Amino acid sequence: MRKKVILITGAAGEIGSALISSLTAQGSLPILSLDLAALTGKDAQLTTHIQGDILDKSLLSRLVSEYEIDTIYHLAALLSTRAEFTPEAAHHVNVEGTLVLLKLASEQSEWRGTPVKFIFPSSIAAYGLPDLDTKRAYTRVREWEWNYPRTMYGCNKLYCEQLGIYFSRHYRQLAADRPVMLDFRCLRFPGLISAYTVPSGGTSDYGPEMLHAAAKGVPYACFVREDVQIPFMAMPDAVTALLRLTEAPRESLSRLVYNITSYSLTAAEFRQWVLRYFPEAQISFDADLKRQGIVDSWPADLDDSAARRDWGWQPAYDLERSFSEYLVPNIRDRYLVES
Ligand code: AKB
């Protein structure tokens with residue numbers, strides 16, 4: 001008999017680490033993790049980790065022969081800034097990697113006669129507002145508005161959302177027998193802020209970078225203008241949202257792709273929050289016009305009313321609680337231990 005597991009791809013990344021802890025704490029099925037990198041620290045004890053490439057078909061076949069995959073959290077991706085330097089490589093990882101896993105989940109759904117849940121993190125990068133006047137006029141953007149991404153990463157996410165919907169609803173629509181289809185569910189995340197990891201390769205990274213630099217006592221030059229505004233969320237809420245969406249009864253979902261958000265603030269306001277807790281922090285602004293352009297195309301805020309209505313989404317961490325209870329104490333501990 002194969003062992004029933006939850007598969008997490010990109011498990012060594014920011015969300016992966018937080019998700020592994022939460023799933024373990026709630027006594028989930030055993031976790032099989034996959035990443036090009038090794039897992040470090042306590043995460044390594046909590047999963048069966050496979051160091052490898054999601055595009056390695058023989059590796060995936062081996063996994064399927066040993067494990068019954070019940071749920072997939074497909075987190076592996078090249079983020080927005082990194083993807084601009086190597087757009088074809090980003091397409092390869094972000095799109096072809098997702099396609100391979102959707103295929104695997106489809107086959108597994110048929111084999112077991114029950115849908116495999118496929119949980120996919122998308123992003124505010126799936127939106128693209130053409131200019132600042134439009135961004136000011138359309139603040140709380142809804143899921144179907146402004147789907148004109150201007151980054152490779154955003155294009156990849158938007159297309160993979162559609163692929164997921166296709167595999168969930170229309171796969172093999174001309175076949176004689178309707179297959180058991182996978183159960184695709186997707187969240188469009190705002191910029192995420194973790195107390196434990198400094199993100200790399202993203203364009204919303206200026207927020208967490210500011211905070212981590214302040215905690216380390218090193219100066220930081222923010223790469224966007226002071227008035228730039230996008231939504232953010234503390235990592236525990238991001239993980240809660242993934243788990244809630246996974247558990248939601250399928251009949252309660254009126255859509256397969258949901259916006260979620262916690263709070264929205266400008267880069268200057270972010271700096272003010274950091275200064276409240278680290279008054280000595282040296283944070284300046286030195287906008288990189290190109291990266292700035294990417295953030296300018298992202299919505300100032302998201303409308304997450306569908307998630308609130310359908311599966312009771314409600315962030316637990318507002319700005320005050322994010323900083324005072326989660327970010328600052330844990331970041332302080334982290335750099336104290338390191339120093
Ligand atoms: C990025 O900046 O690329 C990501 C995202 C907004 O999805 N953090």
Side-chain angles (χ1 to χ4, degrees), residues 9-10 12-19 73-87 89-91 93-95 97-98 119-129 135 141 143 146-161 164 186-212 222-225 228-239 241-242 257-267 270 287-288 290-302 304 315 322 327:
T9 71
E14 281 220 285
I15 305 179
S17 173
L19 181 62
Y73 291 92
H74 176 39
L75 310 178
L78 283 191
L79 296 184
S80 56
T81 291
R82 189 158 298 152
E84 288 311 301
F85 291 110
T86 54
H91 185 277
V93 173
N94 295 350
V95 175
T98 304
I119 312 298
F120 184 68
S122 184
S123 160
I124 43 169
Y127 296 104
L129 292 120
K135 176 162 170 157
V141 172
E143 284 86 350
W146 303 106
N147 292 151
Y148 311 115
R150 59 176 277 182
T151 59
M152 184 53 143
Y153 170 72
C155 294
N156 296 162
K157 285 291 184 192
L158 191 60
Y159 176 57
C160 287
E161 292 175 2
C186 166
L187 290 174
R188 283 199 190 139
F189 280 125
L192 299 180
I193 323 168
S194 165
Y196 303 103
T197 44
V198 190
S200 74
T203 322
S204 62
D205 294 0
Y206 61 89
E209 281 174 0
M210 220 184 255
L211 180 59
H212 283 261
C222 179
F223 60 81
V224 297
R225 286 187 324 265
V228 162
Q229 183 171 342
I230 57 166
F232 282 98
M233 175 180 287
M235 191 57 81
D237 270 336
V239 170
L242 285 169
V257 176
Y258 286 95
N259 281 346
I260 52 160
T261 189
S262 297
Y263 36 79
S264 175
L265 71 171
T266 63
F270 208 112
D288 168 338
K290 292 177 181 152
R291 285 182 95 189
Q292 158 84 66
I294 291 177
V295 188
D296 280 341
S297 75
W298 292 348
D301 204 352
L302 295 174
D304 60 1
S322 291
L327 293 170

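Numbering of ligands and ligand atoms starts at 1, following listing order. Model, not experiment: these values are computed from the prediction. Start at 1 with the first residue, then count along the sequence.
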First-shell residues of ligand 1 [heavy atom, distance under 4.0 Å] = Leu79, Ser80, Ser123, Ile124, Tyr153, Gly202, Thr203, Ser204, Trp298

For Thr203 and Tyr153, test the side chains for any donor-to-acceptor distance below 3.5 angstrom and give the result as yes or no.
-> no

Derivation and outcome, salt bridge (Lys or Arg N to Asp or Glu O under 4.0 Å), residues Glu84 and Lys290 | CA-CA 11 Å; Glu84 288 311 301; Lys290 292 177 181 152; over 6 Å; no

Output all residues satisfying side chain to side chain donor-acceptor pair (under 3.5 Å) with Thr151, sequence neighbours left out; order by chain, then residue number.
-> none

Tyr258 meets the ring pair (Phe, Tyr, Trp, His ring centres under 6.0 Å) criterion, sequence neighbours left out, with Trp311

Please step through side-chain contact (heavy atoms from CB on, under 4.5 Å) for the pair Phe270 and Cys222, ending with a clear verdict.
-> CA-CA 11 Å; Phe270 208 112; Cys222 179; over 6 Å; no

Residues forming a ring pair (Phe, Tyr, Trp, His ring centres under 6.0 Å) with Phe223, sequence neighbours excluded = Tyr206

